[in-house]
Amino acid sequence: MSDHRNRPAGTAPSAETLDVLGIGIGPFNLSTAALLPKDGVTARFLDRKDAFDWHPGLLFRNATLQSPFLKDCVTLVDPTSEYSFLNFLSRSRRLNRFVVADHPNVKRREFNEYFKWICRSLDTLRFGTGVESLTFDGGAFVAGTDRGEYRAKDVVLGVGRAPFVPEGARAHLGETVFHGSEYLLRDIDPTGKRVAVIGGGQTGAEIFDDLISDDARLPSQVTWVTRRGNFAPFDESPFANELYVPGYTRYFHAQTPAERQRLLPMQKLSSDAILQPLLEGIYRRLYETDFLHDRGLDYRMLVDRQFTRVSPKADGWVLTMEGPNGVEAVEADIVILATGFSNGVPAVLDQLADRLVLDEDGRCVVNEDFSLRWDGPPDHRIFAHNMSLHTHGWIDPNFAGMAWRSGVIVNSLTGRYLYDVDVDGTTVDWGGKTTTTLEMPVLEPTGAGI
Ligand SMILES: Cc1cc2nc3c(=O)[nH]c(=O)nc-3n(C[C@H](O)[C@H](O)[C@H](O)COP(=O)(O)OP(=O)(O)OC[C@H]3O[C@@H](n4cnc5c(N)ncnc54)[C@H](O)[C@@H]3O)c2cc1C
């Protein structure tokens, strides 16, 4: 590893070859940046945004985390790290008040503040620097940015997932048909309009809740459509949560692709569903508009309906869907696609695409240490966050795996056992071994800290 040299944020890259280049600074790569040793590793993390902001289009005032705050950037792999959420609270002089407040779920706005606080402490981050190309020149990865080139021995991708827009809506994206991730950025006025929300997960629920909650800007009609059998709550029970401990992840990774594919839909509600308090809030609000309201609210909640397409009409849009009664149509002025995020290979890998090993469904084959299999030299690796649902299970897109996965990646990057990642088996017997040794290995000091 080369010497660590700091450069003020925003300055151009030099010709040096970094040890590590992180692409994207969302929560996941922020976690890796926080856990990388400060000395002996040269690293830069780049993000095209001008500053950190966590899903700003969905940062509702009252939206809460779907996970406990201990699943922060560092705690589950290094509870002594200075970058923990608890240390953020302490340094912000609110730890005692936080304990008294005893929030059942922490607000996303507060976690966004926590992430920004970490950003202020790390000198390895560069915002306003989008990576437009990524190639390998035989000796190093070369990232082309609007601020010059960065060369690095290894790369860690943390570019998140692109919004998924169903084919039947793609041709009509625009002012009044858009993906849910842009909801708050659009600043739409739903007052007196017919609004349709497609998608029965947490995002669809948050948007539907927002649309029905403010008496001063109620739509004339609001329709919420899902292909699921019902508006289902998260399964947060202990045995479902065991799917998110490292021992289970190792077990999952060891299964055949077909077996993993069989397991994922069975486990979906432990990750991709609606928080129970939000469902209760929506139900109570609908009770209020049905029985205790001056005007009432014209709403429809359609389950078991598969959206097929949106088509233009003289005064808005027609949504077509298939359900138990055959083909149905709903008219709307505004269509919001809460249709999730794509699991595809991210655009930043376009130039390396023919060097990646893909499975028969066109997904990257991911090693246990979250490096992508490719045909380049084995000592040059591309690690990836949020790209291994199919190989590591539901822990992948969730905060539950964030710190642990970063620990695995940092150990692999440095070739040292800096973080104890061989932890936590499960109580459930899944059909294979998920135990771990209880003996604590000797760890090397990381030097990661404020
Ligand atoms: C609204 C919402 C709430 C969520 N809440 C929770 C929760 O409470 N608990 C939980 O466990 N999970 C939650 N998730 C799931 C998941 O944890 C988040 O999506 C999380 O933000 C994923 O982090 P990430 O770092 O992979 O990606 P992102 O947060 O999407 O960040 C990716 C970053 O990469 C940058 N980028 C992309 N391409 C480039 C490029 N070419 N060059 C430079 N920069 C680039 C982007 O600008 C962005 O800043 C939530 C998801 C959503 C959508």
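Each ligand, and each atom within it, is numbered from 1 in the order the structure gives.
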Participant: What part of Pro397, side chain from CB on, backbone N/CA/C/O, both or neither, has a heavy atom under 4.0 Å from ligand 1?
Facilitator: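 Backbone only.
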
Participant: Please determine whether any non-hydrogen atom of Met402 lies less than 4.0 Å from an atom of ligand 1.
Facilitator: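 Judged by the 4.0 Å heavy-atom criterion, Met402 does not count as contacting ligand 1.
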
Participant: From the options Arg91, Arg120, Arg94, select the one residue that forms a salt bridge (Lys or Arg N to Asp or Glu O under 4.0 Å) with Glu113.
Facilitator: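 With Glu113 as partner, salt bridge (Lys or Arg N to Asp or Glu O under 4.0 Å) holds for just one option, Arg94.
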
Participant: Check step by step if side chain to side chain contact (heavy atoms under 4.5 Å, CB included) holds for Val197 and Val225.
Facilitator: CA-CA 6 Å; Val197 181; Val225 184; over 6 Å; no

Participant: Any protein heavy-atom neighbour for atom 44 (N) of ligand 1 (distance below 4.0 angstrom)?
Facilitator: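 Yes, at least one protein heavy atom sits under 4.0 Å from atom 44 (N) of ligand 1.
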
Participant: For residues 401-412, run the donor-acceptor check on the side chains, cut-off 3.5 Å, and write out each pair with its distance to 0.1 Å, sequence neighbours left out.
Facilitator:
unit_1	atom_1	unit_2	atom_2	d
Trp404	NE1	Val421	O	2.9
Arg405	NE	His385	ND1	2.8
Arg405	NH1	Asp396	O	2.9
Arg405	NH1	Asp396	OD1	2.8
Ser406	OG	Ser31	OG	2.7
Ser406	OG	Thr32	N	3.2
Ser406	OG	Thr32	OG1	2.8
Ser406	OG	Met402	O	3.3
Asn411	OD1	Leu418	N	2.9
Asn411	OD1	Tyr419	N	3.0
Asn411	ND2	Tyr419	O	2.8
Ser412	OG	Asp369	OD2	2.6

Participant: Identify the closest protein heavy atom to atom 23 (O) of ligand 1: which residue and atom is it, and at what distance?
Facilitator: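 Scanning the protein heavy atoms, the shortest distance from atom 23 (O) of ligand 1 goes to Pro27 CD, 3.5 Å.
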
Participant: So, Phe252 versus Trp394, ring centres under 6.0 angstrom or not?
Facilitator: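 Centroid distance Phe252-Trp394: not below 6.0 Å, so no.
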
Participant: Which of the listed options, Ile395, Val131, Leu157, holds the heavy atom that is closest to atom 41 (N) of ligand 1?
Facilitator: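 Among Ile395, Val131, Leu157, the closest heavy atom to atom 41 (N) of ligand 1 belongs to Val131.
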
Participant: What atoms of ligand 1 come within less than 4.0 Å of a heavy atom belonging to Phe341?
Facilitator: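 In order of number, 53 (C).
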
Participant: Have a look at Gly24, Pro346, Gly22 and point out the one with the heavy atom closest to atom 34 (O) of ligand 1.
Facilitator: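 Considering heavy atoms of Gly24, Pro346, Gly22, the nearest to atom 34 (O) of ligand 1 sits in Gly24.
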
Participant: Ile198 and side-chain contact (heavy atoms from CB on, under 4.5 Å): which single residue from Leu319, Leu302, Ile336, Ile207 fits?
Facilitator: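 The single option meeting the side-chain contact (heavy atoms from CB on, under 4.5 Å) with Ile198 is Leu319.
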
Participant: Does His385 have a non-hydrogen atom less than 4.0 Å from ligand 1?
Facilitator: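 No, His385 has no heavy atom closer than 4.0 Å to ligand 1.
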
Participant: Does a side-chain heavy-atom distance below 4.5 Å link Leu349 with Met387?
Facilitator: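 A side-chain contact under 4.5 Å exists here.
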
Participant: Just to be sure I read this right, does ligand 1 sit under 4.0 Å from the backbone of Asp47, its side chain, both, or neither, counting only heavy atoms?
Facilitator: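 For Asp47, backbone and side-chain atoms both sit under 4.0 Å from ligand 1.
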
Participant: Using a 4.0 Å cut-off to any heavy atom of Leu58, which atoms of ligand 1 qualify?
Facilitator: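 This gives 1 (C) as the contact atoms.
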
Participant: For Gly130, counting its heavy atoms only, list the atoms of ligand 1 lying under 4.0 Å from any of them.
Facilitator: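 The atoms of ligand 1 under 4.0 Å from a heavy atom of Gly130 are 42 (N), 43 (C).
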
Participant: What protein heavy atom sits nearest atom 25 (O) of ligand 1, and how far away is it?
Facilitator: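 Of the protein heavy atoms, Phe28 N, 3.1 Å lies nearest.
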
Participant: In the protein, which heavy atom is nearest to atom 40 (C) of ligand 1, and how far is it?
Facilitator: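 Heavy-atom neighbour on the protein nearest atom 40 (C) of ligand 1: Arg48 NH2, 3.6 Å.
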
Participant: Which pairs would a plain distance check flag for residues 51-60, meaning a side-chain donor or acceptor within less than 3.5 Å of a matching protein atom at least two apart in sequence or in another chain?
Facilitator:
unit_1	atom_1	unit_2	atom_2	d
Asp53	OD1	Asn112	ND2	3.1

Participant: Does ligand 1 come near enough to Gln66 that some N or O of the ligand is less than 3.5 Å from an N or O of the residue?
Facilitator: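 Between Gln66 and ligand 1 (N or O atoms, distance only) the closest approach is under 3.5 Å.
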
Participant: Applying the side-chain contact (heavy atoms from CB on, under 4.5 Å) test to Arg44, which of Leu21, Leu125, Thr129 qualifies?
Facilitator: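 Exactly one option meets the side-chain contact (heavy atoms from CB on, under 4.5 Å) with Arg44, and it is Leu21.
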
Participant: Can you list the ligand 1 atoms lying under 4.0 Å from a non-hydrogen atom of Gly158?
Facilitator: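 Those atoms are 32 (C), 33 (C), 34 (O).
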
Participant: Enumerate the atoms of ligand 1 whose separation from the nearest heavy atom of Ser67 is less than 4.0 angstrom.
Facilitator: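 Near Ser67, meaning under 4.0 Å from one of its heavy atoms, ligand 1 has 7 (C), 8 (O), 9 (N), 10 (C), 11 (O).
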
Participant: Are the ring centres of Phe383 and Phe370 closer than 6.0 Å?
Facilitator: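 Here the rings of Phe370 and Phe383 have centres that are no less than 6.0 Å from each other.
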
Participant: Using a 4.0 Å cutoff against the non-hydrogen atoms of Leu65, which atoms of ligand 1 qualify?
Facilitator: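 Answer, ordered by atom number: 8 (O).
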
Participant: Considering only heavy atoms from C-beta outward, does the side chain of Leu286 approach that of Leu297 to under 4.5 Å?
Facilitator: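 Heavy-atom side-chain distance check passes, below 4.5 Å.
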
Participant: Thr75 side chain to Asp72 main-chain N or O, any donor-acceptor pair under 3.5 Å?
Facilitator: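 Flag not set: sc Thr75 to bb Asp72 has no pair under 3.5 Å.
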
Participant: Measuring only between side-chain heavy atoms, which start at C-beta, is Phe28 closer than 4.5 Å to Cys73?
Facilitator: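 Side chain of Phe28 against side chain of Cys73, heavy atoms only: no contact under 4.5 Å found.
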
Participant: Would you check the N or O atoms of Ile23, main chain and side chain alike, for any that come under 3.5 Å of an N or O of ligand 1?
Facilitator: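 N/O-N/O distance below 3.5 Å does not exist for this pair.
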
Participant: If we only count N/O pairs under 3.5 Å, is Asn386 in contact with ligand 1?
Facilitator: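 Yes: some nitrogen or oxygen of Asn386 is under 3.5 Å from one in ligand 1.
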
Participant: Quick check: Phe399 and ligand 1, any N/O pair under 3.5 Å apart?
Facilitator: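 Yes: some nitrogen or oxygen of Phe399 is under 3.5 Å from one in ligand 1.
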
Participant: If you measure every N/O of His55 against every N/O of ligand 1, is any gap under 3.5 Å?
Facilitator: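 So ligand 1 has an N or O lying under 3.5 Å from an N or O of His55.
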
Participant: Would a 4.5 Å heavy-atom cut-off, applied to side chains only, mark Tyr248 and His392 as touching?
Facilitator: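 No, every pair of side-chain atoms sits at 4.5 Å or beyond.
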
Participant: If the cut-off is 4.0 Å to any non-hydrogen atom of Asn398, which atoms of ligand 1 fall inside it?
Facilitator: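 Once the distances to Asn398 are compared, the set is 10 (C), 11 (O), 12 (N).
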
Participant: What residue and atom, counting heavy atoms only, is the protein's closest point to atom 31 (O) of ligand 1, and at what distance?
Facilitator: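 Minimum-distance protein heavy atom for atom 31 (O) of ligand 1 reads Gly26 CA, 3.3 Å.
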
Participant: Which residue and atom name correspond to the protein heavy atom nearest atom 27 (O) of ligand 1, and how close is it?
Facilitator: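 It is Gly160 CA, 3.2 Å.
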
Participant: Using a 4.0 Å heavy-atom threshold (strictly under), name the region of Trp54 that reaches ligand 1: side chain, backbone, both or neither.
Facilitator: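 Answer for Trp54: side chain.
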
Participant: Taking the ring centre of each residue, are Phe111 and Phe85 less than 6.0 Å apart?
Facilitator: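 Yes, close enough.
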
Participant: Heavy-atom distances under 4.0 Å decide this one: backbone, side chain, both or neither, for Glu132 against ligand 1?
Facilitator: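 None of Glu132 does.
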
Participant: For the residue pair Phe98 and His103, categorise the inter-ring angle as parallel (less than 30°), tilted (30 to 60°) or perpendicular (more than 60°).
Facilitator: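 Phe98 and His103: tilted rings.
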
